[in-house]
There are 2 protein chains.
Amino acid sequence: MNYQIELRHFIYFLAVAEELHYRKAAEKLFISQPGLSTQIKQMEEILGTQLFVRDKKKVSLTPAGEFLKKEVEFILNHLDQTKKQVKLIGDGQLGEVRIGFLGSAMQNVVPNLLLGLKEKYPTVHTTLEELSNRAQINAILADRLDLGFVRLSRVPKGLDVKPVFEDTFSLVLPEGHPLDAKHFKNINQVANEDFILFSQDYSPMYYDTVLSICEDSGFVPNVSHKSVHAQTIFKLVENKLGIAIVPTTLQHGFQMKVKFIEMKKIKQRAVLSMVWKTDNRNPALQKCMDLLQKL
Amino acid sequence: MNYQIELRHFIYFLAVAEELHYRKAAEKLFISQPGLSTQIKQMEEILGTQLFVRDKKKVSLTPAGEFLKKEVEFILNHLDQTKKQVKLIGDGQLGEVRIGFLGSAMQNVVPNLLLGLKEKYPTVHTTLEELSNRAQINAILADRLDLGFVRLSRVPKGLDVKPVFEDTFSLVLPEGHPLDAKHFKNINQVANEDFILFSQDYSPMYYDTVLSICEDSGFVPNVSHKSVHAQTIFKLVENKLGIAIVPTTLQHGFQMKVKFIEMKKIKQRAVLSMVWKTDNRNPALQKCMDLLQKL
DNA sequence: ATAATCAATAAGTATGAATTATCAAATAGA
DNA sequence: TCTATTTGATAATTCATACTTATTGATTAT
C-alpha cells in the first residue's frame with residue numbers, strides 16, 4: 001500500500017512502453033511476465049494514475065504514460081551519466097582542483113601544471129587564484145583551496161609541503177646601471193644601494209633568504225621600499241629608486257627597463273613549494289601532484 | 001554483488017550527506033543506523049567509488065560524493081515534479097485535446113468550450129483545426145484528433161456521437177430581395193429561386209436535411225451552386241446568384257450584404273454533434289465532454 | 001470448434017532490506 | 001589513567017516483498 005517508486009519500476013515501465021507487450025518486455029528484462037505485470041500495476045497505484053491501457057489484445061500508453069515515458073527516458077539517461085561521472089571523479093579523472101599561487105609561480109610551474117593536466121587529464125578543471133603565502137595557507141586550512149604554491153619552508157600542522165621548483169636569485173638593476181653581468185663578482189658590489197624587496201609578511205621565507213644572502217656577504221641591506229607585486233618592484237627599480245633581489249624566473253613576463261644579473265654562485269635558492277591539506281581526498285588533487293612530481 | 005542502484009539509495013545518501021551523521025540521518029529516515037550504514041556502503045560498491053570519508057569522529061563527503069549530492073538533489077526534485085505532473089495528466093487537469101471542427105461550430109460551441117476550459121482547467125491546452133466532416137472522422141479514427149464537431153447523425157463503428165447544439169435554419173437572401181421576415185410564411189414562397197447549398201459530401205446530413213425541408217413544402221429545390229465555405233455561399237447570394245438555407249448561427253461573423261430569415265416553424269434542425277473515439281483515454285478529453293454537457 | 005496467445009491472478013519461494021545486539025575506536029570528563 | 005559516552009561498522013536474525021511457477025479468463029486465429 002505504502003510503497004515507494006524505485007528505479008526498478010522505471011526500467012520495467014520503459015521496457016513495456018517500448019515493447020507495448022508484457023511478455024516480450026518481461027523477456028527483455030529477464031523476469032517473468034506476472035512479476036512485470038504486478039510491478040507495473042503497483043507503479044500505477046503509487047502514482048495514482050493509469051499508465052497503460054490493456055485493451056483486447058493490445059497494450060498502449062495513456063497520455064500520462066506517454067508523458068512519463070519521456071521523463072523516464074530523461075531520468076535514466078541522466079542517471080547513467082551521473083554514475084559515470086561519479087566514478088570518474090572518484091578515480092580522479094574528472095573534477096576540479098582549486099589552486100592558489102604566488103605571482104612568481106605563474107612563470108613556469110603553474111602553466112606547466114595546467115598544460116600537463118590538459119594533456120593527461122583534460123577533464124580535470126582548475127580554478128586559479130593569485131594569493132599571498134598566508135592567504136593560501138588559510139584557504140587550504142579552511143578547505144577553500146586544494147593546492148597552493150608558496151615560498152615557505154614550514155607550514156601549520158595538518159598541511160604538507162613539497163618543493164617543486166628551485167630557482168636562483170637575480171639582481172635587478174635599472175638599465176643604465178654601471179654594473180653588468182660581466183663585471184659582477186659579488187653582491188657586496190651593490191651593498192650601498194637601496195634595496196626594494198617583497199614585503200616580509202607576503203613572503204617571510206623570501207625575505208629571510210634575501211637577508212641571509214646579504215649577511216653572507218657581510219652587509220645588512222638598506223631596504224628603502226617593500227611591495228607585494230613584482231610589477232611594482234620593477235617599476236621602482238626602473239625609476240632608479242633602488243635595486244632588487246628576486247627569483248630569477250621573474251625575468252620573464254615583464255616589459256621593463258631593468259636588467260637581471262643571475263647570481264648562480266650564491267648558495268641560496270628561491271624554493272617554490274606546493275602545499276596541500278594532508279587529509280584532502282580530492283582525487284583530482286592526486287593527479288595534480290603526480291604530474292608535479294614529473295615536472 | 002550485482003545489485004542495482006535504487007531511489008532508496010539516493011534518499012538515504014542525501015540524508016547522510018545533509019546530516020553528515022549516520023545516526024541522525026537514520027533517525028530522520030525512520031530506519032536503524034546499521035541499515036543505513038550497509039545501504040550507503042552498498043551504494044559505494046555499486047558506484048565503484050567512495051562517497052563519504054568516515055574519519056575519526058566525523059563524516060564528510062568526498063569530491064565524488066559532493067558531486068553526487070548535487071545530482072541527487074536535482075534528480076529527486078525532478079522526479080517529484082514528474083510524479084505530480086503524471087498525476088495531473090491522469091486526472092485530466094493537465095494535457096492537450098486535439099479538436100477538429102466545421103467552420104459553423106466556430107460561431108459559438110467551440111469558443112464556449114475554449115472559454116470553459118480556460119476557466120475551469122486552465123492547464124488543459126488545445127490544438128484546433130477546421131476540417132470537413134469526413135476529414136474529422138478520418139483523423140479521429142487515425143488517432144490524430146481527440147474530438148470533432150460535425151454535422152452527422154451516423155458515424156463509423158468505434159466512434160461515439162452526441163449532439164451538442166441544435167440550430168434552426170435560416171433563409172439567406174440578397175439584401176434587396178422583396179421577401180422579408182415579416183412577410184415570410186413558408187419556404188415554398190421561394191420555391192422557384194435557385195439554391196446555393198453546402199456541398200453534399202462536405203456535409204451529407206446538412207444536404208439531406210435541406211432537401212427534406214423543401215420536400216415537406218412540396219418542391220424539389222433547383223441547386224445552382226454548391227460550396228464548402230459559408231463565405232462563398234454568402235458572396236454568391238450577395239451577387240444575386242441564388243438564395244441559401246443555412247444554420248442560423250452563421251448569421252454572425254460575416255460582413256455581407258445578405259439578410260437572414262430564421263425559419264423557426266419548420267421542424268428540421270441543424271444539429272452539431274461532437275464525435276470521439278469510444279476508447280479514447282485522454283483524460284483531458286473527458287473534461288471537455290463534461291464541459292460540453294453543461295453548455 | 002480447437003488451439004494459441006494475451007495479461008491477470010493465486011500461491012509459494014527466496015532474496016535482501018530491515019531489525020536487534022554487539023563491537024571497536026575515539027573522545028570527553030573525572 | 002580510567003570510565004562513560006559517542007561514533008560507525010559487523011554479525012546474526014527477522015521479515016517484507018519482488019520474484020517464481022501454475023493457472024485462469026478473455027480474445028483471436030486457424
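Numbered from 1 within each chain, the chains take letters A, B, ... in sequence-line order. Keep in mind that the numbers below use all heavy atoms, side chains included, and drop hydrogens, waters and symmetry copies.
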Please tell me whether [X] and [Y] have a donor and an acceptor in their side chains that are separated by less than 3.5 angstrom.
X: A:Gln93; Y: A:Lys87; answer: no
X: A:Gln39; Y: A:Arg8; answer: yes
X: B:Tyr202; Y: B:Arg134; answer: no
X: B:Arg151; Y: B:Ser104; answer: yes

Can you find a side chain N or O atom of [X] that sits less than 4.0 Å from OP1 or OP2 on [N]?
X: A:Gln39; N: D:dA18; answer: yes
X: B:Arg54; N: D:dT7; answer: no
X: B:Ser37; N: D:dA9; answer: yes

Nearest whole Å is fine: how far is [N] [atom2] from [X] [atom1]?
X: A:Lys58; N: D:dT28; atom1: NZ; atom2: P; result: 9 Å
X: B:Lys24; N: D:dT6; atom1: NZ; atom2: P; result: 11 Å
X: B:Glu44; N: D:dG8; atom1: CD; atom2: P; result: 14 Å
X: B:Gln4; N: D:dC19; atom1: CD; atom2: C1'; result: 16 Å
X: B:Leu29; N: D:dG8; atom1: CG; atom2: P; result: 13 Å
X: B:Tyr22; N: D:dA9; atom1: OH; atom2: P; result: 5 Å
X: A:Gln33; N: D:dT21; atom1: CD; atom2: C1'; result: 12 Å
X: B:Arg23; N: D:dA9; atom1: CZ; atom2: P; result: 14 Å

(message) For A:Phe149 and A:Phe165: C-alpha separation, side-chain torsions, deciding distance, then whether ring pair (Phe, Tyr, Trp, His ring centres under 6.0 Å) applies.
(response) CA-CA 10 Å; A:Phe149 291 98; A:Phe165 188 69; over 10 Å; no
(request) With heavy atoms under 4.0 Å as the rule, sort A:Phe52 into base, sugar-phosphate or nothing. (result) nothing
(message) Applying a 4.0 Å non-hydrogen cut-off, can you work out what A:Ile31 is touching in the nucleic acid: base, sugar-phosphate, or nothing?
(response) sugar-phosphate
(message) Both A:His9 and B:Leu20 contact DNA chain D. Which one's nearest nucleotide lies toward the 5' end?
(response) B:Leu20
(request) Please confirm whether any donor atom in the side chain of A:Gln42 sits under 3.5 Å from an acceptor in the base of D:dA18, or the reverse. (result) no
(request) Run the salt-bridge test on B:Glu45 and B:Lys41 with the 4.0 Å N-O cut-off and return the result as yes or no. (result) no
(request) Shoot me the first and last contacting nucleotide of DNA chain C against chain B, ordered 5' to 3', at under 4.0 angstrom to non-hydrogen atoms. (result) C:dG16 to C:dT27
(request) Just say parallel, tilted or perpendicular for the rings of B:Phe52 and B:Tyr22, cut-offs at 30° and 60°. (result) perpendicular
